[in-house]
Amino acid sequence: MISIQGKGVSIGVAIGPLYYYRRVKSTIRRYEVEDKDAEWARFKEAQQKAIEQLGVLAEKAREEAGDEAALLFETHQLMAEDMEYEEAIEEAIKGSGLNAEAAVTDTAAQFADMFAAMDDAYFQARAADVKDVSDRIISVLTGAVSGGIDSPVPVILAADDLAPSETVQLDKGKILGFVTEGGSGSSHTAILARTMGIPAIIGVGDKLKAEYEGREVIIDGSNGNIVVDADEPTRERYEQKLEEQKKNRALLEELKGLSNETKDGQSIRVYCNIGSPDDVPAVLSNDGGGIGLFRSEFLYLNCDDYPSEDYQFEAYKKVLSDMEGKEVIIRTLDIGADKQIDYFDLPKEENPALGNRALRICLNRPEIFHTQIRALYRASAYGKLGIMFPMVTSVWEVKEARKMCDRVKEELDKEGIPYSDDVELGIMIETPAAAVMSDRLAKEVDFFSCGTNDLTQYTLACDRQNADLGRFFNPHHPAVLRLLKMVCDNAHKHGTWVGICGELGADLELTETFLSIGIDELSVSPRSVLPLRKKIRETNVADCKERLIADLLSDEITI
Ligand code: PEP
Ligand code: MG
């Protein structure tokens, strides 16, 4: 039995085989083959497998976001067996005796160059498609499972770290838990694990060895313990814990349908954070009152090219319709920093977290913003929509974003396309500048949603991705909590409501504080809704308010 210690970032126990996430190898071996016909057959087999994979993705996309989303993968299927493309590969294998991986790589480069040199923007964009299709065939040839889990049973997934673009492609039904070498509690892998309600442990370094793959592993996300090949008493102990976990969950089930009201009658809305239309069933089954944060950038991360207006419209419409009139707040594109997307072709930056990200990209590239805002307003006809803008620092940014909304509404009016005139507009409070300017910003919007992951990062000058900064990255720091109180006070003076959608919202140690400073909404992972409701219903704000606020503002704070 081997015990390993990491940092638990999503609670719960999971038991299952360990599986290492594999990436496509970036170096392709190049050699001459002896049996050219066998090599050609190897290519044909990989090509068929890639076409099958694309068919599965097309169906998944159709279910999640409609026919237009599926079309992308169907076009890729056709590309994979395009006659000219196939003939070029055949020539490289049968004519020049190249191995299949190298033949596909060369052909992809040749076709991508040809597309890129065309005048028509549509054909230029096909360069990325041909590379993508070819990468898929190469990953089948090399046996690297790109973004997939090639296991018949659910697994505990181990990785060095996972980029958001990788996590988004994982088959969630096959994951019992995550273990990563690096990462931090507010990294997107951790956030995803909490959204999915599965245990996760980060920061295990090199203690988890490749040779453990396939062996039974127990992970406990509440304390960061990992056990490989547990002995019988240890296994029994964890099985018991798993059982208790189920019982606790059953107790929480009894809270479904009840209000989020404190003992002394103060109400707070409890909403959910999601990253995809797929997460809506979890919101409903956990009795979330609405969606307080839909991270729309995951739609972009899921695509190989800029998602069209129709593709986005279908996804937003699905979430709004599935939520049946409950409020849905969709955040506009928030990429940059750890969420990089190749087709945006953003220049490399020295300090990406302080760089071209989120609303800054949208304001600098209005055509991308315009497409998203149109899709959002069109979808607004199907439910109760709120739109919020991330990474705001100045009033002028909000005015410019609002102008885009006005422009889109005018266009839709002219085109006779219906939209709701009841869309709430809000901003995220993620920078100290926005918190300090919240008195002024409150006049511009209907609501604030505090992104405490970034607000902590920027207030404490502490990279949220850096696992080594653990104890310095302290979202309980009074500097962060005082800013939250200030934001609340400023907002309420102008009738603007305030939510928290960062991970801190689900922190039960702070629920009383949030109620005391008057937060109106907490948006948390679906699995956190009922534990939070339990905590709210046990709280008497009158008992703790004065003391907690005095503590928060006290001269004695010395952290
Ligand atoms: C945040 O910063 O708190 C937030 C909710 O946004 P994200 O975690 O997606 O950056
Ligand atoms: Mg953020």
Side-chain angles (χ1 to χ4, degrees), residues 3 5-16 154-157 172-179 185 189-202 216-227 230 232-263 267-274 279-289 292 476 500 503-515 522-540 544:
S3 296
Q5 187 63 48
K7 181 175 176 211
V9 289
S10 179
I11 57 167
V13 171
I15 307 178
V155 297
I156 297 194
L157 192 71
K172 318 289 186 297
K174 285 222 173 133
I175 306 172
L176 297 166
F178 285 112
V179 182
T189 308
I191 291 173
L192 180 89
R194 288 192 285 267
T195 305
M196 291 163 62
I198 60 172
I201 296 176
I202 58 164
E216 187 182 85
V217 172
I218 299 174
I219 63 172
D220 186 346
S222 52
N223 53 22
N225 287 339
I226 302 170
V227 187
E232 212 34 52
T234 309
R235 195 170 202 286
E236 265 171 32
R237 192 157 45 83
Y238 278 106
E239 274 172 352
Q240 221 170 346
K241 205 165 173 186
L242 207 55
E243 228 14 71
E244 274 164 29
Q245 211 171 282
K246 284 189 196 145
K247 275 193 207 138
N248 264 342
R249 200 61 216 166
L251 277 179
L252 287 173
E253 292 287 308
E254 291 172 11
L255 292 171
K256 282 190 184 169
L258 300 185
S259 67
N260 303 307
E261 197 177 303
T262 63
K263 280 187 173 159
S267 284
I268 185 164
R269 303 197 297 279
V270 179
Y271 285 6
C272 291
N273 295 345
I274 64 165
D279 298 330
V280 172
V283 176
L284 296 172
S285 67
N286 284 284
D287 207 14
H476 287 221
I500 295 180
E503 297 304 296
L504 207 58
D507 188 332
L508 301 182
E509 280 178 38
L510 287 173
T511 311
E512 290 175 339
T513 303
F514 295 151
L515 286 161
L522 294 168
S523 190
V524 298
S525 64
R527 293 278 284 199
S528 300
V529 169
L530 296 175
L532 189 52
R533 178 170 298 163
K534 181 168 181 287
K535 179 74 189 178
I536 293 164
R537 292 175 67 84
E538 287 165 358
T539 300
N540 190 330
C544 57

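The figures that follow rest on heavy atoms only: side chains count, while hydrogens, waters and symmetry mates do not. Bear in mind the structure is a predicted one, so any value in this text is a computation, not a measurement.
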Check your understanding: How long is the span from the CG atom in L515 to the CD1 atom in I536, to the nearest 0.5 Å?
Key -> 6.0 Å

Check your understanding: Do you know the tightest heavy-atom contact between P531 and L508?
Key -> O-CD2, 4.1 Å

Review point. Would a distance-only check, ignoring hydrogens and angles, find a side-chain to backbone donor-acceptor pair under 3.5 Å from Q5 to N223?
Key: yes

**Study point:** Side-chain touch S525/N273, heavy atoms, less than 4.5 angstrom
**Key:** no

**Study point:** Y271 to V529 - nearest heavy-atom pair and separation
**Key:** O-CG2, 4.5 Å

Practice item. Give the C-alpha distance, both sets of side-chain angles, the deciding distance and a yes or no for side-chain contact (heavy atoms from CB on, under 4.5 Å) between V524 and R194. Key: CA-CA 9 Å; V524 298; R194 288 192 285 267; over 6 Å; no

Revision key, fill the gap. Nearest heavy-atom approach of G12 to P199 is O-CB, 3.1 Å

Practice item. Determine yes or no for a side-chain-to-main-chain donor-acceptor pair under 3.5 angstrom, with T539 supplying the side chain and T262 the backbone. Key: no

Check your understanding: What's the verdict on side-chain contact (heavy atoms from CB on, under 4.5 Å) for E503 and D507, showing C-alpha distance, side-chain angles and the deciding distance?
Key -> CA-CA 7 Å; E503 297 304 296; D507 188 332; over 6 Å; no

Point to revise | Shortest non-hydrogen contact from F178 toward A193 | key: CD1-CB, 3.7 Å

Check: residues 248-258 side-chain donor-acceptor pairs under 3.5 Å, at least two apart:
{"unit_1": "R249", "atom_1": "NH1", "unit_2": "R527", "atom_2": "O", "d": "3.4"}
{"unit_1": "R249", "atom_1": "NH2", "unit_2": "N286", "atom_2": "OD1", "d": "2.4"}
{"unit_1": "E253", "atom_1": "OE1", "unit_2": "K256", "atom_2": "NZ", "d": "2.8"}
{"unit_1": "K256", "atom_1": "NZ", "unit_2": "S285", "atom_2": "O", "d": "2.6"}

Practice item. Considering only NZ, NE, NH1 and NH2 on the basic side and carboxylate oxygens on the acidic side, decide whether K247 and E243 come within less than 4.0 Å. Key: no

Study note, to complete from the structure: Sorted by chain and number, sequence neighbours left out, side chain to side chain contact (heavy atoms under 4.5 Å, CB included) with Q240 holds for none

Review point. Can you tell me how far CG of L176 sits from CG of L157, rounded to the nearest 0.5 angstrom?
Key: 10.0 Å

Check your understanding: Is a side-chain donor or acceptor of E512 paired with a backbone partner of C544 at a separation under 3.5 angstrom?
Key -> no

Review point. Can you check side-chain contact (heavy atoms from CB on, under 4.5 Å) on R235 and I15, steps first, answer last?
Key: CA-CA 9 Å; R235 195 170 202 286; I15 307 178; 3.7 Å; yes

Check your understanding: Between the main-chain N or O of S259 and the side-chain N or O of R537, is there a donor-acceptor pair closer than 3.5 Å?
Key -> yes

Check your understanding: How far does CG of L504 sit from CD of E509, to the nearest 0.5 angstrom?
Key -> 10.0 Å

**Study point:** Test side chain to side chain contact (heavy atoms under 4.5 Å, CB included) applied to S222 - qualifying residues, sequence neighbours left out
**Key:** I11, D220, K241

